[in-house]
> 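Please read through the structure below; I'll follow up with questions.
Bear in mind the structure is a predicted one, so any value in this text is a computation, not a measurement.
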Amino acid sequence: MNSKGKLGFGLMRLPRLEDKSIDLEQSKKMVDLFIEAGFCYFDTAYVYEGSEDATREILVNRYPRDRYLLASKMAAWADCSTREDAVKQLDESLRRTGAGYFDYYLLHNLGDERTELYDRFDLWSFVKDMKNEGRIRRAGFSFHSTADELDEILIRHPEADFVQLQINYADWENDRIQSRACYETALRHGKQIIVMEPVKGGLLATPPVSVRKIFESVEKDSSPASWAVRFAADLEGVVTVLSGMSSIEQTEDNISAMRNFNGLSQKHREALKRAMEELSKQKTVPCTSCCYCVKVCPENIAIPETFSALNNYMLYGGRERQKKELELLYEEKKEPSDCIRCGRCESACPQHISIRDELVKASEELGLKR
């Protein structure tokens with residue numbers, strides 16, 4: 001696929017107004033820039049708060065259906081007690097978006113015990129039926145687990161048209177995320193690969209200074225985020241790299257990086273290898289703020305925000321500033337000391353973070369109430 005197909009617009013992190021609602025006017029401008037540059041792939045999901053409704057307003061109602069490709073996802077692990085609960089999500093997603101059909105439809109976030117739900121509810125046959133009815137054009141799944149489990153799933157379900165994987169240079173050799181091993185497994189099975197989290201939830205947009213210096217020594221004016229997106233786009237078998245965009249500036253930066261992308265040079269690949277080595281020395285919590293943990297936390301603890309503050313402190317210092325910002329946040333959400341250690345957050349976490357232990361660490365490092 002050419003460069004105009006390789007950049008996808010992730011609709012998970014659209015800009016928000018002060019009242020937390022999605023900024024539709026700014027989002028419309030972002031969509032316009034993206035389409036005018038020749039790109040066409042958009043990705044949303046049933047569990048992305050407000051995203052599918054926003055997709056209708058900023059994209060579907062404003063462009064002919066043949067101008068874009070739209071993906072959405074079914075989350076069987078999100079308050080589904082029966083098969084009927086899960087299959088209703090497709091109807092709801094089509095209603096919210098008004099798209100008529102989905103070009104790509106995914107069983108969302110397979111891995112560990114979540115995988116079993118899709119088998120128990122026989123959702124593989126459901127998406128096959130929906131393909132036959134034309135409500136879905138291509139069916140696949142997003143995945144957060146080990147390469148061995150991915151191999152097992154693809155052996156059992158060769159009918160999957162594509163796989164969506166977390167791939168970025170920070171996780172390429174990570175033993176928990178297994179980006180490289182999962183990528184090589186999907187490639188071996190001959191599956192199209194869609195990349196999610198190429199910028200690791202924005203973390204790679206602001207890497208440590210030592211990493212930035214490596215990139216600047218090769219390309220002075222290119223953003224760290226553009227390096228992350230191009231790393232993923234350079235891989236064989238990757239058809240689309242999703243970038244969750246939150247501002248016009250991010251959209252313009254992604255377009256600039258990918259408009260005429262024809263692969264990385266050896267010099268670029270060597271710089272990325274050095275960046276990987278440098279980043280592996282940093283001791284931070286690999287949280288991407290996907291908020292899946294928050295959706296299942298019975299205590300409404302501010303997990304992503306707490307980890308963000310801890311990471312900022314570990315990388316850049318400023319302990320008191322991070323602590324003060326968290327204390328303001330804790331007026332609305334609960335803090336780590338309220339954790340009842342039920343473990344539901346860890347079952348939902350795509351990054352396999354030991355959330356309960358890391359919350360204790362955050363309390364100790366930032367001097368929070370314990």
> Starting from the C-alpha separation in whole Å, work towards a yes-or-no answer on side chain to side chain contact (heavy atoms under 4.5 Å, CB included) for I193 and F162.
CA-CA 6 Å; I193 299 168; F162 64 95; over 6 Å; no
> Please give me the minimum heavy-atom distance between M196 and Q164, naming the atom from each residue.
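Closest heavy-atom pair between M196 and Q164: CE-O, 3.4 Å.
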> So, K28 side chain and D23 main chain: donor-acceptor pair closer than 3.5 Å or not?
no
> Answer yes or no: is there a side-chain heavy-atom contact under 4.5 Å between Q351 and K200?
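Contact flag for Q351/K200 side chains = yes.
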> Do you know which of Y118, Y46, W77 makes ring-ring contact (aromatic ring centres under 6.0 Å, His included) with H108?
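Of Y118, Y46, W77, ring-ring contact (aromatic ring centres under 6.0 Å, His included) with H108 is met by W77 alone.
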> Can R56 and D53 be said to form a salt bridge (Lys or Arg N to Asp or Glu O under 4.0 Å), step by step?
CA-CA 5 Å; R56 182 184 66 253; D53 286 311; 3.0 Å; yes
> Run the side chain to side chain contact (heavy atoms under 4.5 Å, CB included) test on Q250 and M30 for me, step by step, so that the C-alpha distance in whole Å, both residues' side-chain angles and the decisive distance to 0.1 Å come before the verdict.
CA-CA 9 Å; Q250 289 177 8; M30 293 160 63; over 6 Å; no
> For the residue pair D19 / S21, report whether a side-chain donor-acceptor contact shorter than 3.5 Å exists.
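There is such a pair between these side chains.
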> Using atom types as modelled and distance alone, determine if a side-chain donor or acceptor of R230 lies under 3.5 Å from a backbone N or O of A257.
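It does not hold such a pair.
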> Is the number of heavy atoms from other residues, nucleotides or ligands under 6.0 Å of K29 NZ greater than 12?
no
> So which atom in F121 and which in A86 form the shortest heavy-atom distance, rounded to 0.1 Å?
CD1-CB, 4.4 Å
> For V218, is there any backbone N or O sitting under 3.5 Å from a side-chain donor or acceptor partner on K267?
no
> Pairing donors with acceptors under 3.5 angstrom, does anything connect the side chains of Y48 and S72?
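Y48 vs S72: no donor-acceptor pair found between side chains.
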> Salt bridge (Lys or Arg N to Asp or Glu O under 4.0 Å) between R95 and E92: does it pass, once the steps are laid out?
CA-CA 5 Å; R95 185 195 67 78; E92 180 64 9; 2.6 Å; yes
> Which heavy-atom pair separates G98 from V60 by the least distance, and what is that distance?
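Looking at all heavy atoms of both residues, the shortest contact is O-CG1, 3.5 Å.
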> Keeping R65 on the side-chain end and Y101 on the backbone end, is there a donor-acceptor pair under 3.5 Å?
yes
> Using modelled atom types and a 3.5 Å cut-off, is there a donor and acceptor pairing between side-chain atoms of S145 and backbone atoms of L150?
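No, the answer is negative, given that no donor and acceptor are paired below the 3.5 Å cut-off.
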> I'd like to know if V360 and I340 are part of one continuous hydrophobic network [Ile/Leu/Val/Met/Phe/Trp/Tyr, side-chain heavy atoms within less than 4.5 Å].
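Different clusters.
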> Decide yes or no for R62 and D32: does some side-chain heavy atom of the first lie under 4.5 Å from some side-chain heavy atom of the second?
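They are in contact (side-chain heavy atoms under 4.5 Å apart), so the answer is yes.
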> So, does R344 use its side chain to make a donor-acceptor pair with the main chain of P298 at under 3.5 Å?
no
> Would you mind reporting whether L272 and L264 have side-chain heavy atoms less than 4.5 Å apart?
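The answer is yes, as the side chains (C-beta and beyond) meet within the 4.5 Å cut-off.
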> Got a salt bridge between D151 and R188, using NZ or NE/NH1/NH2 to carboxylate O under 4.0 Å?
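Yes, charged N to carboxylate O under 4.0 Å.
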> Kindly check if the number of other-residue, nucleotide or ligand heavy atoms within 6.0 Å of CD (E113) is above 12?
yes
> Please check if the side chain of E149 supplies one atom and the backbone of D112 the other of a donor-acceptor pair under 3.5 Å.
yes
> Crowded around D175 CG? As in, over 12 foreign heavy atoms under 6.0 Å?
no
> Counting heavy atoms not belonging to D79, are there more than 12 under 6.0 Å from its CG?
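At most 12 heavy atoms, drawn from other residues, nucleotides or ligands, come within 6.0 Å of this atom.
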> Is there a path of hydrophobic side-chain contacts, each under 4.5 Å between heavy atoms of I/L/V/M/F/W/Y residues, joining V296 to L117?
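No, because L117 and V296 fall into different hydrophobic clusters, even though each may have its own neighbours under 4.5 Å.
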> Would you verify whether the NZ or CZ of R135 falls within 45 degrees of the ring axis of Y105 while also being under 6.0 Å from that six-membered ring's centre?
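No; the conditions do not both hold, so R135 does not lie above the ring face of Y105.
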> If you compare all heavy atoms of E305 against all heavy atoms of L326, which two are closest, and at what distance to 0.1 Å?
O-CD2, 3.7 Å
> Please work out which of the three classes, parallel, tilted or perpendicular, describes the rings of Y183 and W172, given edges at 30° and 60°.
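Correct class here is tilted.
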> Tell me whether the NZ or CZ atom of R138 lies within the 45° cone about the ring axis of Y104 and under 6.0 Å from its centre.
yes
> For the ring pair Y68 and Y63, is the centre-to-centre distance below 6.0 Å?
no
> Counting only N and O atoms by type, is there a donor-acceptor contact under 3.5 Å from the side chain of R96 to the main-chain atoms of E52?
no
> With a cut-off of 6.0 Å (strictly less than), are more than 12 heavy atoms of other residues, nucleotides or ligands near CD of Q266?
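Counting other residues, nucleotides and ligands, CD of Q266 exceeds 12 neighbours.
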> Are I177 and F143 connected in the hydrophobic side-chain network, where two residues link if heavy atoms are under 4.5 Å apart?
no
> The test is side chain to side chain contact (heavy atoms under 4.5 Å, CB included); show your working for V239 and I194 and say whether it passes.
CA-CA 6 Å; V239 295; I194 296 173; 3.9 Å; yes
> Quick one: do L368 and V294 end up in the same hydrophobic cluster if we chain Ile, Leu, Val, Met, Phe, Trp and Tyr together by side-chain heavy atoms under 4.5 Å apart?
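In one cluster: no.
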> Tell me whether Q178 contacts the main-chain N or O of T146 through its side chain, where contact means a donor paired with an acceptor under 3.5 Å.
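The answer is no, because no donor-acceptor pair under 3.5 Å joins these two groups.
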> Using a distance-only test with no angle check, is there a side-chain donor-acceptor pair under 3.5 angstrom linking T97 and T55?
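No, no side-chain donor-acceptor pair sits under 3.5 Å.
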> Determine, using the 4.5 Å side-chain heavy-atom cutoff (strictly less than), whether L14 and L24 are members of one ILVMFWY cluster.
yes
> For T115 versus G111, what's the shortest heavy-atom pair and its separation?
OG1-N, 2.8 Å
> Is it true that E197 and R13 have a side-chain N and a carboxylate O under 4.0 angstrom from each other?
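Yes, this pair counts.
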> Using a 4.5 Å cut-off on heavy atoms from C-beta on, say whether the side chain of Q26 contacts that of S247.
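Contact flag for S247/Q26 side chains = yes.
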> Judged by atom type as modelled, is there a donor-acceptor pair below 3.5 Å linking the side chain of D171 to the main-chain atoms of N174?
no
> Write down the atom of T251, the atom of L33, and the distance for their closest heavy-atom approach.
CG2-CB, 4.3 Å
> So I153 and F141, side chain to side chain contact (heavy atoms under 4.5 Å, CB included) or not? Walk me through it.
CA-CA 10 Å; I153 292 172; F141 61 97; 3.7 Å; yes
> Are F126 and M74 close enough that some pair of their side-chain heavy atoms sits under 4.5 Å apart?
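SC-SC contact between F126 and M74 confirmed.
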